[in-house]
Structure formats: structure tokens, C-alpha cells
Amino acid sequence: MAAVAITLIGFFGFIMMRVTAVPMTALFTDLSMEDSTGIIKELERQQIPFELKNDGATLMVPKDRVTRLRMKLAEGGLPKGGGIGYEIFDKSDALGTTSFVQNINHLRALEGELSRTIRAIDRIQAARVHLVIPERPLFARDKADPSASIVLKVRGALEMQQVRAIRHLVASAVNSLKPQRISIVDEGGRLLADGTSDDSGAASGSDERQLAFERRLREQIESIVNSVVGSGRARVNVSSSFDFNRVTQTSDRYDPEGRVLRSSQTREESAGTSDSNNGQVTVGNELPGANQAGATAAAPRDQSKKSEEIVNYEISRTTKTEVIEGGRVNKIAVAVLVDGTYAKNEKGEMAYQDRPKEQLDRIATLVRSGIGFDAKRGDVVEVVNLRFAETPPQVINEPTGIMAMLQFTKEDFMRGIELAVMSLLGLVVLLLVVRPLVRRAVTPDESAIQHTLAQTAALQAASGETSSQQLAITDQDSPIVIPNNKTSKMIDIAQVRGQVHAQSVQKVGELADSNPNEAVSIVRAWLTDADAA
């Protein structure tokens, strides 16, 4: 009984500890060994219970302390993400290190920081960056370009736009690194981006631009149409034609009305001849007053005059250079398939009905306005009403009020299942272990009861007061009946024993009174046997 009691106490103690234990939840997942070791040391220092799963990659802590622990660990720079960043220079001794070691540490820090940044992108689980930055020798004219290699561990598949974003991100973080010099490989060995030319990348970029344009228009049209016909009741297809040729145009324009005077030059010449003295020098000509008299007397016989004017004008000139980048939209074609309406007929069944033409025309007008319809460009918009093959979607009524409060999460279900299993196990132990032990301790032994009944019957037969055909023992006052209940039987057996003993003593007294000599002889014989023994 002691062993069973100790076992039961230990079992129920275990159940109580499991029921009252604080639920554990994941603090961090997909941890590296370095991060896991650092976090465990911090938890042990703070004396916080924890559990390790998945070979140390998942760390479990009490659910009520997850948020505070994450904030505290983030303050200490944990987890580091399995890489070393610029914190490598926090505890370094700059006086005892060489320039080579400093360059290596700088390269390691740059690679670690880029790995952390890349892991922040969606669908990327882990990243490893290798940078090759060649050193330029002294007195060298040629310089080698740096390159980079990136290995990604992704969840699902990356889009080409995300791959290009990673290449440009790394190229912008490293000096003189070009996106064309970056190679990206996933964990399966598939080449996502090569480190050669970017010719193929340009073509793929054009395709991505066209696909992104069509996807954006399709989402806009679906949003407009679904708001009219209902969610999932319309199908939209957008097809576009792009011109990715890059065109450069240069034009010169002259405006004759816009004249401006630049310079003006005027020149006048005059000449005259006379026949007096024929130009000879004489004494008369040299006398004072001779020239005046001669001038008045004689007039020139020939005279000429010349006038010249030069005017320069500037005509306004406009030089225009246009660079038309690739990606012009040549044509847009939109096809919209709209489902009809469903209403109950006289039989109570859902019957299909076509939409009116006026509603389809209004939908087409909305679509044209949404895509920037241009008839000169050759755009086409078609809205057709046809019955869909699938049944109309069923409307799911969200629970409100008390039903909304009964929405349980996966953790709540798991906790409920655990409590139910513990309760069921405890009930099984109570029924199969505790109950039989208590019954055995309370219920007397059947063999002892049968032996007592046999002795009682023998005594009653010897006294001649009870017949073998009845189980009831009668005395002078009242009968005593042995009931079927086991506990009552034990009480009755004790009463029977007392009555039988009293009757036996009374009978012996009567025999001694009626036969005193024989009684004295018997007593003497007992005393003689006792002395001899």
C-alpha cells in the first residue's frame, strides 16, 4: 500500500505539473550554432528555462516572456544571423594589427552585413556573400574590376525582379562593383544570374516590364469589375504591344520673323577734279590770297560721291534633341468575361440569368477609362457575358459576438488536447488502480467470512438452538438475520460470536450446577495437566 501510495502521489504530481506548467513557444527558429550558443548563455545567465529542438536550430521559452526576451536579445545584437558584421571592430586592438588583417576584417564585415541585408528580403532563408576586391598595384594603369558571388537558400522560387534587386543592392554597397559582375546561385545549384554581360538581362528586363504593365492593368480592371459583379465573377485578360527601340531625334528650327540686328556698317566716298593751273605750282599760286581768289574763280569740272552700308542680322534658331526610351505602348487589348446572375425560380432552385446589355456597356466604359483607351492607337476592349462552368461562390458568414470569441488557434487546440489526455489518464488510474485498492481495503476477506460462518453454524448445531436450514440465529429476545451487504455481514458476525459465546458460557454454568461432581473432576484434571506442563 505504501508503494502504491507513493506511485499515485508521483503520478498525480506529474499531471498537476504538466497541467499548471507555462506553455512553451518558439523564441527563434533556424538558428546557427553560433547564435544558438550565444542565446543559451544569455538565457542561463538570466535563469530562464528553455528547450532545444531540431538539433539546436529551434529555441523554446515560456510564452509569456517571448516578447521581452526578443527585445533584450536584440539589444545585445543577438541573433547575429550566422555572420560577422561591423561589430568585428568593436573589440579589436588597432595598435597590434597589420594593414592586411584590417583589410581582411573589413572584407569579412562587409560580407556579413550584406548577408544580413539580403536575408531581410522575403522568401530568402539564408545567404552567403563572397566578395573579390582586387588591390591596385602601385604605378599600374590597368585596374581589375571587383566581382561578387552570392549563394541563396530560398523558400519557394524567386522572381527575376527580386534577383535583379539583389544584384543592384550588392553593387551599390561595394565601390566600383557593377551588377553585371555579380553571380547568384540558389541552394539547388541553379544559376539565377551570371556574372558576364547584361545583354540577356536587358531582354528579360523588357519582358518583365511588359508583364508588370499587363499585371497592373489586370488588377485594376478586376478591382473595378468585381466591385460591380461580385468577387470571383469576372475574368480579365490584358495583352499589350510594346516598342522597346530607343530613338534619338535632333531637329533645327529657324524663325524668319525673329530677326535681331547684329552689326551695321556705313561707308561714304566723294571725289572732285578741277582744270585751273592743271595742278601746277606757280609763284602766283603761292602768293597770299591767291588760293581764295582762285577757289572762287574756278570751280571743279568733275565730282563723284559713293555711299556703302552693311547691316548684319541674326535669325533665331532652335536646336531640339529628343531621346525616346524603349517601352512605348503601341496597342492594348482587353478581354473581360463576366458571369451572369443567379436567382431562385418558382421551384426554389438557383437559375442563371444573363446580364442586361446596358450593364455590360457601362462596364466597358469603366474599363476604357481605367486603361486610358486610345482609339487612334488601336486599343480594343471587349466585355462578354457568359455563364461560368463552376457554381457561384458561397458567401461565408463571419461569426460575430460570442461565436467570434470562440475562435481558437492551433496552440489552443493543442493545449486542450493535452489537458484532455491528462484528465483521461488520471480517470483511468482512479478507476483501475485506486478504486480496486480502496475496495480491497474496505471489504473483508471472503474466506474469513466463510470460516466464521462455519464456526457459528457448528456452535449453533452443538447448542441445538439453530437448524441447518436457516441462516438466522435466534436468541431468547429477537432473531438476528445475516443480510447480503458485506459490511453488515461483518457486524452481524461479531454479534453472532458474542451471542454464541454467552450462550456457551450459560450452558456450561447450567451443566456445572446440575453436575457439580463432574465439573470439579474436570477442573482438577485441567489443573493437573497445567502443573505437569
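Throughout, residue positions are numbered sequentially from 1 according to the sequence presented. Note that this is a predicted model, so its numbers are computed, not measured.
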Find the distance between CD1 (I371) and CD (E214) and round it off to the nearest 0.5 Å. 12.0 Å
Roughly how far, to the nearest 0.5 Å, is CZ of R167 from OG of S172? 12.5 Å
The test is side chain to side chain contact (heavy atoms under 4.5 Å, CB included); show your working for N103 and E135 and say whether it passes. CA-CA 10 Å; N103 292 334; E135 297 183 0; 4.2 Å; yes
Any chance you could lay out the side chain to side chain contact (heavy atoms under 4.5 Å, CB included) test for M350 and K344, step after step, and finish with the verdict? CA-CA 4 Å; M350 298 298 293; K344 292 184 178 180; 3.7 Å; yes
Taking all atoms of both residues into account, what is the closest heavy-atom pair of A157 and R123, and its distance? O-NH1, 2.6 Å
Hey, are the side chains of I363 and V229 touching, using non-hydrogen atoms and a 4.5 Å cut-off? yes
Salt bridge check: are E113 and R116 linked by an N-O gap of less than 4.0 Å? yes
Carefully, step by step, assess V228 and Q359 under the rule side chain to side chain contact (heavy atoms under 4.5 Å, CB included). CA-CA 9 Å; V228 177; Q359 187 178 9; 3.8 Å; yes
Does the side chain of L52 reach to within under 4.5 Å of the side chain of L59, using non-hydrogen atoms? yes
Taking all non-hydrogen atoms of both residues, which atom of P146 and which atom of I133 are closest, and how far apart? CB-CA, 4.2 Å
d(L131 CG, L177 CG) to nearest 0.5 Å is 7.5 Å
So, do I150 and L192 sit near enough that their side-chain heavy atoms are less than 4.5 Å apart? no
For the pair Q210 (side chain) and S240 (backbone), establish whether a donor and an acceptor sit closer than 3.5 Å, ignoring hydrogens and angles. yes
Could you check whether any side-chain N or O of S223 sits under 3.5 Å from a backbone N or O of Q220, counting only pairs where one atom can act as donor and the other as acceptor? no
Which atoms form the tightest heavy-atom contact between S307 and E268, and what is the distance? OG-CG, 3.6 Å
Side chains of I182 and I166: does their closest heavy-atom pair fall under 4.5 Å? no
Do I332 and R377 have side-chain heavy atoms sitting under 4.5 Å apart? yes
Less than 4.5 Å apart, side chain to side chain, heavy atoms only: is that true for T318 and D255? no
Looking only at heavy atoms, which two atoms of Q162 and I121 are closest? And how far apart? NE2-CG2, 4.5 Å
Considering residues, nucleotides and ligands other than N175, do more than 12 of their heavy atoms fall under 6.0 Å from its CG? no
Give, for atom CZ of R233 and atom OG1 of T341, the distance between the pair rounded to the nearest 0.5 Å. 7.5 Å
Residues, nucleotides or ligands: over 12 heavy atoms within 6.0 Å of R355 CZ: yes
For L152, is there any backbone N or O sitting under 3.5 Å from a side-chain donor or acceptor partner on D186? no
Note, K320 side chain near R253 side chain (heavy atom, < 4.5 Å): no
Is atom CD of E187 surrounded by more than 12 heavy atoms (other residues, nucleotides or ligands) closer than 6.0 Å? yes
Measuring from I48:CD1 to I39:CD1, what's the distance to the nearest 0.5 Å? 11.5 Å
Answer whether the closest heavy-atom distance between the side chains of N330 and F242 falls below 4.5 Å. no
Heavy-atom nearest pair, L114 first then A173, reads CD2-CB, 3.6 Å
Electrostatic pair E219-R216, nearest N-O below 4.0 angstrom: no
Take I124 and L158 through the test side chain to side chain contact (heavy atoms under 4.5 Å, CB included) and record every step on the way to the result. CA-CA 8 Å; I124 295 180; L158 290 179; 4.2 Å; yes
Quick check: are there more than 12 heavy atoms from other residues, nucleotides or ligands sitting under 6.0 Å from CD of Q353? yes
Count the heavy atoms belonging to other residues, nucleotides or ligands that lie under 6.0 Å from CZ of R328, then report whether that count exceeds 12. yes
Which pair of heavy atoms, one from A26 and one from V66, lies closest together, and at what distance? O-CG1, 4.4 Å
Straight-line distance of N237 CG to E382 CD, nearest 0.5 Å: 12.5 Å
Can you confirm whether more than 12 heavy atoms, excluding those of E44, are under 6.0 Å from its CD atom? yes
Using a 3.5 Å distance criterion without hydrogens, assess whether the side chain of D339 forms a donor-acceptor pair with backbone atoms of F388. yes
Less than 3.5 Å apart, any donor N or O on the side chain of N226 or S231 sitting next to an acceptor on the other? no
Is the number of heavy atoms from other residues, nucleotides or ligands within 6.0 Å of CD (E269) greater than 12? yes
